[in-house]
Chemist: 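Take a look at the following structure, please.
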Amino acid sequence: MKKIISILLSVVMLVSVSAVAVNVFADVESQETTKATSKVTVEVNGNTSKDVTYQTDPDDPATITFTYEGDGTLEGWEFDGMVEGVDYEIVSQDGNSITIRLLDDYDGDIVANALVDEAETTTKKSGGNGSGKSPKTGAATATGIAAAGAGAAILLALRKREDAE
């Protein structure tokens, strides 16, 4: 009876580890991509924010429209790490929206930063590294701990099996 319980526990832990690992690796990168490799990040005054939305043109994935929807006064836009006329061109700019087109198969990351009057913005500061991305170590650590537990349970079951013989 103890052998069966040990084996069942090992199998359950192994299935749990597998399920966690599949979900972790499926959700590693949740940002929408444009073209083949460009990742889009939106910011307000250099901090990640939900006050900026973007939409990729379905007919031309190199054309992206960014819209500031916050309460502050939009003063302008900047695209960190990109050079206007080399990496992108401005297609249109109207009110709180700007539409850009990536040039010459630009494949770097796109960071759209809305420059907004500080007194009226509602931004959410990014992590301490300033990247705006959460670290991916937590899920990997949890998977490692679960795998170690499953391995320990299997070893325990095998040891009990040897002791019974």
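The first residue in the sequence is number 1, and the count goes up from there.
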Chemist: Under a single-linkage definition using a 4.5 Å side-chain heavy-atom cutoff for Ile, Leu, Val, Met, Phe, Trp and Tyr, are F66 and L115 assigned to the same hydrophobic cluster?
Modeler: no
Chemist: Just one of V52, V44, N96 clears the side chain to side chain contact (heavy atoms under 4.5 Å, CB included) bar with V116, so which one?
Modeler: V44
Chemist: Strictly by salt bridge (Lys or Arg N to Asp or Glu O under 4.0 Å), give each pair with a member in residues 85-102 just once, sequence neighbours left out.
Modeler: D60-R101, E89-R101
Chemist: Taking ring pair (Phe, Tyr, Trp, His ring centres under 6.0 Å) as the test, write out the residues that go with Y88, two or more places apart.
Modeler: F79
Chemist: How close do D80 and E43 get, heavy atom to heavy atom, and via which atoms?
Modeler: OD2-OE1, 3.9 Å
Chemist: Can you tell me how far apart CE (M82) and CG (D109) are? Round to the nearest 0.5 Å.
Modeler: 10.0 Å
Chemist: Applying a strict under-4.5 Å side-chain criterion to I, L, V, M, F, W and Y, I'd like to know whether I90 and W77 cluster together.
Modeler: yes
Chemist: For T53, what residues pass the side chain to side chain contact (heavy atoms under 4.5 Å, CB included) criterion, not counting sequence neighbours?
Modeler: T67, E69
Chemist: Within the distance-only criterion (no hydrogens, no angle test), does the side chain of N113 pair as donor or acceptor with the backbone N or O of E78 below 3.5 angstrom?
Modeler: no
Chemist: Just verifying a value: how many Å separate Y54 OH and S97 OG, rounded to the nearest 0.5 Å?
Modeler: 15.0 Å
Chemist: Spell out, as yes or no, whether a donor-acceptor pair under 3.5 Å connects the side chain of Y68 to the backbone of G72.
Modeler: yes
Chemist: Determine whether T99 and Q93 satisfy the following criterion, side-chain contact (heavy atoms from CB on, under 4.5 Å), listing intermediate values before the conclusion.
Modeler: CA-CA 6 Å; T99 301; Q93 191 166 2; over 6 Å; no
Chemist: Return the CD to OG1 distance between Q55 and T63, rounded to the nearest 0.5 Å.
Modeler: 11.5 Å
Chemist: Which heavy atom of G95 sits nearest a heavy atom of L74, and at what distance?
Modeler: O-CD2, 3.9 Å
Chemist: Measure from the side-chain N and O atoms of D104 to the backbone N and O of Y106, and report whether any donor-acceptor pair falls under 3.5 Å.
Modeler: no
Chemist: Is V83 isolated, or which residues cluster with it under the ILVMFWY side-chain rule of less than 4.5 Å, directly or via members?
Modeler: V86
Chemist: Rounded to the nearest 0.5 Å, what's the gap from CG on L102 to CD1 on I64? Could you check?
Modeler: 4.5 Å
